[in-house]
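Residue numbering restarts at 1 for every chain, and letters A, B, ... go by the order of the sequence lines.
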Number of protein chains: 2
Amino acid sequence: MSTHGHPAGRAASGHPLAELTARLRRGERKVTGPRQAILDLLRRSQHPLTRKQVFARLRAGDCDLATVYRSMQVLEEMGIVKRYDFGDGVGRFELVAEGEDGHHHHLICTRCSQVVELDGCFLADLEGRIAERNGFRDISHRLEFFGICPTCQTTVAPAARPPASAGD
Amino acid sequence: MSTHGHPAGRAASGHPLAELTARLRRGERKVTGPRQAILDLLRRSQHPLTRKQVFARLRAGDCDLATVYRSMQVLEEMGIVKRYDFGDGVGRFELVAEGEDGHHHHLICTRCSQVVELDGCFLADLEGRIAERNGFRDISHRLEFFGICPTCQTTVAPAARPPASAGD
DNA sequence: CTGGTTGCAAACAATTTGCAACCCA
DNA sequence: TGGGTTGCAAATTGTTTGCAACCAG
């Protein structure tokens, strides 16, 4: 497990659109225009997108905002996308590779909102220990890192805030 | 560092109301009725509360909902409370002991929303490694654990959902 | 064909803001 | 007394839902 850089098989061209739509069909769902547009958009994105960002990047008329909401919900239920929370109360969605659970973490710049994908997870043992000590089962976790990226370190501090807009 | 049970000096009677209001004064803020009511409420709570929960538990007329929003913001800016996100998009607030940063994690039951406070943090070294490899500075993180608590394990599964209402 | 989907608008919910009255310092 | 605070209401913003028209299978 590496703890830096872009992941190997995730994001970008790693998901042919055809494979994604096939997953929809297999799940008894229809392959519609809006869904293809959304999947194609996520497919070409390296990092998680908010629903508003997805809507904004769609060509006007491609899909209604309400449909983006409904689609993300369906895709999440089917395990095709996974939702991440960067602590600002806005859900962000990322494609999950076929057959995987998509679990990984991010390093987010609190100045410019740049996102670094961190491969793998390093908390398996800790998680097990915590589950045991507290008698919990089916344990999981959410973990994200925040900091100032190299670029922003050389810049005069703008409006230091938790991650939010920047990419919109 | 322990990884279980209720923390030693946090929560509950650990914060005399007088100490809290003193912190307000020191921060050039006024000690008002609503603020005292909110602080007293947080003081007696073992776990983080949402703004709506705070409002609901106040005696009617003690404070307006808009004031709860404004107060939590002031208290957060002053470092008197810290916000936690349990992944459901709802901010939860917990008092921070004088002079501390309040950093710790939670173990949340996804069935009944019970919260276990986990003392201390075990990611210092990992955090440093990640910062170094990616050239980030002022790094921090958010980490929460989820699972099924002992009680809910013996119960017929209700509406398994991410943590949300339950305590409202 | 036909039921899952979508667009559109209305309904809800959560959070913010304007402003005059109020009250702590 | 004066400026930070508050209550109340209206304005925003984010998310969900009802329903008739539509279209993928």
Side-chain angles (χ1 to χ4, degrees), chain A residues 17-18 20-39 41 49-56 58-78 80-81 83 85-93 161-165 168, chain B residues 17-18 20-39 41 49-56 58-78 80-81 83 85-93 161-165 168:
Chain A
L17 184 54
L20 294 170
T21 56
R23 285 208 253 170
L24 269 179
R25 285 208 185 76
R26 240 176 293 139
E28 315 275 62
R29 300 305 194 133
K30 294 182 177 176
V31 177
T32 66
R35 285 176 182 173
Q36 289 186 65
I38 292 172
L39 286 172
L41 190 60
L49 296 177
T50 66
R51 288 172 285 210
K52 212 196 309 183
Q53 287 174 327
V54 168
F55 179 64
L58 251 26
R59 278 168 307 182
D62 262 5
C63 171
D64 186 80
L65 178 56
T67 298
V68 172
Y69 274 90
R70 287 187 279 226
S71 293
M72 298 317 284
Q73 178 161 342
V74 167
L75 294 174
E76 186 180 11
E77 287 168 0
M78 296 183 68
I80 295 178
V81 303
R83 176 204 301 252
D85 288 278
F86 289 178
D88 57 357
V90 182
R92 290 173 165 74
F93 300 81
R161 282 281 177 84
S165 48
D168 295 288
Chain B
L17 183 55
L20 294 169
T21 56
R23 286 207 253 170
L24 268 179
R25 285 207 185 76
R26 240 176 293 141
E28 315 274 62
R29 299 305 196 134
K30 293 183 176 174
V31 177
T32 67
R35 286 177 182 171
Q36 289 185 65
I38 292 172
L39 286 172
L41 190 62
L49 297 177
T50 66
R51 289 172 284 210
K52 214 195 306 182
Q53 287 174 327
V54 167
F55 179 64
L58 251 23
R59 277 170 306 182
D62 263 4
C63 171
D64 186 81
L65 178 57
T67 298
V68 173
Y69 275 90
R70 287 187 280 227
S71 294
M72 299 315 286
Q73 178 162 341
V74 167
L75 295 174
E76 186 180 11
E77 288 168 1
M78 296 183 68
I80 294 178
V81 304
R83 175 203 301 253
D85 289 278
F86 289 179
D88 58 355
V90 182
R92 289 173 166 76
F93 300 81
R161 284 279 177 85
S165 47
D168 296 292

Give the rounded distance in Å between these two atoms: [atom1] of [X] and [atom2] of [N].
X        : N       : atom1 : atom2 : value
Arg26(A) : dA24(D) : CZ    : C1'   : 18 Å
Leu58(B) : dG7(D)  : CG    : C1'   : 14 Å
Asp64(A) : dC22(D) : CG    : C1'   : 14 Å
Met72(B) : dT5(D)  : CE    : C1'   : 17 Å
Leu24(A) : dG25(D) : CG    : C1'   : 13 Å
Phe55(B) : dT15(C) : CZ    : C1'   : 14 Å
Ile38(B) : dT5(D)  : CD1   : P     : 12 Å
Glu77(B) : dG4(D)  : CD    : P     : 14 Å

To the closest 0.5 Å, what do you measure between CZ (Phe93(B)) and CG (Leu41(B))?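 Here the rounded value is 13.5 Å.
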
Are [X] and [Y] packed together at the side-chain level, in the sense that at least one heavy-atom pair is separated by less than 4.5 angstrom?
X        : Y        : answer
Leu24(B) : Gln36(B) : no
Thr67(A) : Thr32(A) : no
Asp85(A) : Asp85(B) : no
Arg35(B) : Leu75(B) : no

Sugar-phosphate means primed atoms, P, OP1 and OP2; the rest is base. With that split, encode nucleotides 16-25 of chain C 5' to 3' as B, S or - using protein heavy atoms under 4.0 Å. BBB-----BS

With respect to Glu76(B), which candidate in Arg51(B), Arg92(B), Arg83(B) satisfies the salt bridge (Lys or Arg N to Asp or Glu O under 4.0 Å) definition?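 Testing each of Arg51(B), Arg92(B), Arg83(B) against Glu76(B), the sole residue satisfying salt bridge (Lys or Arg N to Asp or Glu O under 4.0 Å) is Arg83(B).
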
